[in-house]
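The structure appears below as structure tokens.
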Amino acid sequence: MAIRNVVLAGISGNLGPAILNAVSSSGLFNVTVFTRSGSTTTFPSNIKSIEVNYDSISDLTTKLSGQDAVVSTISHTAGAAQTNLIRAAAAAGVSRFLPSEFGSDLDNPINRPAPSYAPKIAAQELLKSLAEEGKISYTFVYNGAFLDWGLKVGFPISPARKTAALHDGGERRYSTTTLPVVGQAVVGVFKNPEETKNRVVRVSEASTTLKDLLALAQEVVGSDGWDISTPSVDEQVAQGGELLKQGVHSREAIMPFIFRAIWGEGAGGFFEKDDNELLGIKTLDKEGLKKVIQEVVEN
């Protein structure tokens with residue numbers, strides 16, 4: 001199964017542009033971007049963009065004709081759009097679908113029932129069902145926490161603002177990957193279609209602890225003036241669960257389950273086995289991590 005024609009959907013977020021850049025700059029694929037009506041996003045001349053109606057499976061099916069693969073970075077808040085896209089891809093004869101996973105290990109039994117991940121699990125189950133019927137194949141990409149994006153926005157360490165939340169003390173090792181390398185992993189999936197068919201691939205550009213990452217950040221920006229907290233993951237999850245019981249679906253209600261998936265005990269935030277070699281991913285040592293921190297601070 002050769003993959004040549006690739007559709008990218010939902011690329012206006014944080015990760016989408018990095019995947020677009022990796023797939024298009026590889027020179028291996030014909031890239032088409034799906035956009036919503038009224039979108040003002042512009043693309044390089046070598047990128048074809050098509051306006052689609054995510055509410056219409058028929059429209060999506062027509063516009064997926066002749067495509068080999070779809071990569072979705074559609075937001076979890078637009079789960080119906082991704083579901084329609086999956087059904088349309090199967091109807092159009094698309095060979096491979098990469099849903100909007102790109103995060104924590106959802107095969108872990110602690111994470112799988114968490115409300116934060118319900119739309120992702122629904123997409124997974126739909127793809128598995130369609131794959132069993134021979135209508136499509138899938139790859140789920142787990143890449144841990146976003147390293148560069150997290151440092152920019154303070155998730156949970158901000159070198160610029162000198163703030164850090166060391167969840168459960170910050171001593172658990174976890175896997176983390178920069179956005180551009182997630183894009184490289186997608187290219188790696190398409191270069192190895194049979195080896196990545198109907199399974200999870202795990203990408204870990206670096207493994208570290210929050211304490212170690214904080215120490216490196218302090219080497220870059222200095223150790224004075226930091227606001228450091230040590231929140232309990234279990235307490236955060238309990239508080240989030242109470243809010244959800246009250247019908248409150250705020251950031252405070254949802255994010256604790258994401259914290260747990262990355263830094264909680266037994267939640268698989270550290271990938272003991274990964275697919276870096278298969279996907280052509282190089283790992284970062286402490287100096288590499290420090291370089292990422294420096295680049296975030298400088299930019």
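Remember, predicted model here, so these are calculated numbers, not experimental data.
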ILVMFWY network linking [X] to [Y], side-chain heavy atoms under 4.5 angstrom:
X	Y	value
Ile254	Ile110	no
Ile74	Leu20	yes
Ile57	Val94	no
Phe190	Leu8	yes
Leu28	Val141	yes

Are [X] and [Y] side-chain neighbours, meaning at least one heavy-atom pair lies under 4.5 Å?
X	Y	value
Phe97	Leu85	yes
Ser175	Tyr142	no
Leu60	Asn53	no
Ile136	Leu127	yes
Val70	Phe34	no
Phe146	Thr177	no
Thr35	Ile50	no
Ile19	Ile11	no

Donor-acceptor under 3.5 Å ([X] side chain, [Y] main chain):
X	Y	value
Asn192	Gly188	yes
Thr230	Gly169	no
Thr62	Ser58	yes
Asn111	Asp105	yes
Ser26	Val23	yes
Trp149	Ala145	no

Run the salt bridge (Lys or Arg N to Asp or Glu O under 4.0 Å) test against [X] and tell me which residues pass, sequence neighbours left out.
X	result
Glu133	Lys135
Asp107	Arg112
Glu195	none

The remaining residues in the hydrophobic cluster of Leu243, counting side-chain heavy-atom contacts under 4.5 Å among Ile, Leu, Val, Met, Phe, Trp and Tyr, are Val248
Quick one: which residue pairs count as a salt bridge (Lys or Arg N to Asp or Glu O under 4.0 Å) with a foot in [range], not counting sequence neighbours?
range	result
residues 141-161	none
residues 58-67	Asp59-Lys63
residues 281-299	Glu219-Lys290

Do other residues, nucleotides or ligands put more than 12 heavy atoms under 6.0 Å from the CD atom of Glu194?
-> yes
For Lys162, does the NZ atom have more than 12 heavy-atom neighbours from other residues, nucleotides or ligands under 6.0 Å away?
-> yes
What distance separates [X] [atom1] from [Y] [atom2], expressed to the nearest 0.5 Å?
X	Y	atom1	atom2	result
Ile293	Leu216	CD1	CG	5.0 Å
Leu151	Leu213	CG	CG	5.5 Å
Leu284	Thr208	CG	OG1	10.5 Å
Ser137	Asn198	OG	CG	5.5 Å

Carboxylate-amine/guanidinium proximity below 4.0 Å for Arg36 and Asp55 | no
Can you name the residues that form a side chain to side chain donor-acceptor pair (under 3.5 Å) with [X], not counting sequence neighbours?
X	answer
Glu272	none
Asn30	Asn5
Glu235	none
Thr209	Asp212

Can you see which heavy atom on [X] is nearest to which on [Y], and at what distance?
X	Y	answer
Arg199	Leu278	NH2-CD2, 3.4 Å
Val233	Gly264	CG1-CA, 4.2 Å
Gly268	Asn108	N-ND2, 3.4 Å
Val31	Ser24	CG2-CA, 4.0 Å

Decide whether [X] and [Y] meet the rule of one side-chain donor and one side-chain acceptor closer than 3.5 Å.
X	Y	answer
Ser72	Gln82	yes
Arg96	Thr139	yes
Gln124	Glu101	yes

Pairs satisfying ring pair (Phe, Tyr, Trp, His ring centres under 6.0 Å), at least one member in residues 251-290, at least two apart = Phe155-Phe259, Phe155-Trp263, His167-Phe259, His167-Trp263, Tyr174-Trp263
Assess the pair Phe140 and Tyr138: is the distance between their ring centroids shorter than 6.0 Å?
-> yes
Taking Glu205 as the fixed residue, which of Thr178, Thr176, Asn276, Asn143 is the one that meets the side chain to side chain donor-acceptor pair (under 3.5 Å) rule?
-> Thr178
